[in-house]
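To start, the structure itself, in structure tokens.
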Amino acid sequence: MSSAMSEEPAPHWPRFMSDKELRAYFGLSERALKRYRGLKEFPQKDVIAGKTDSAAVARFFDWVAGIAGQPPRPNSRYLPSSEKAKE
């Protein structure tokens, strides 16, 4: 019997995640996620869906780790209209 047969299948993670899913996927505490949300570079939560783009969060962590050279571009689709006027 091969080891691949005994392994549990990897859970499916959606692209757009709730805060609970983000914390589980990235291994964050509630406090850590709250602090990251306070940073302007951290991807914003979609107001209508109440979810965040997990790919944008991954790019943010790449930037924090020094893998990406510059902070992730804010996705204008998820930027509040008051923030769009400032750009």
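Computed from a predicted model, the values in this text were never measured in an experiment.
Summarising the geometry of W13 relative to A24, their closest heavy-atom pair is CH2-CB, 3.8 Å, with the distance given to 0.1 Å. Taking every heavy atom of both residues into account, A55 and R15 meet most closely at CB-NE, 3.4 Å. P43 approaches V57 most closely through the heavy-atom pair CG-N, 3.6 Å. The shortest heavy-atom contact between E21 and P14 is OE2-CG, 3.9 Å.
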Determine whether Y36 and L28 satisfy the following criterion, side chain to side chain contact (heavy atoms under 4.5 Å, CB included), listing intermediate values before the conclusion. CA-CA 10 Å; Y36 281 125; L28 301 170; 3.9 Å; yes

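Expressed to the nearest 0.5 Å, how far NZ of K20 lies from CD of E30 amounts to 10.5 Å.
A salt bridge is absent between K51 and D19; no separation between the charged side-chain nitrogens and carboxylate oxygens falls under 4.0 Å.
Around CZ of R35, the count of heavy atoms belonging to other residues, nucleotides or ligands within 6.0 Å does not exceed 12. More than 12 heavy-atom neighbours from other residues, nucleotides or ligands sit within 6.0 angstrom of CD1 on I67.
Within the 4.5 Å cutoff, no side-chain heavy atoms of R37 are placed close to those of Q44. The side-chain heavy atoms of M17 and T52, taken from C-beta on, include no pair separated by under 4.5 Å.
With S54 contributing its side chain and F16 its backbone, the two residues share no donor-acceptor pair below 3.5 Å.
Taking the six-membered ring wherever Trp is involved, the centroid distance between the rings of F60 and F26 does not fall below 6.0 Å.
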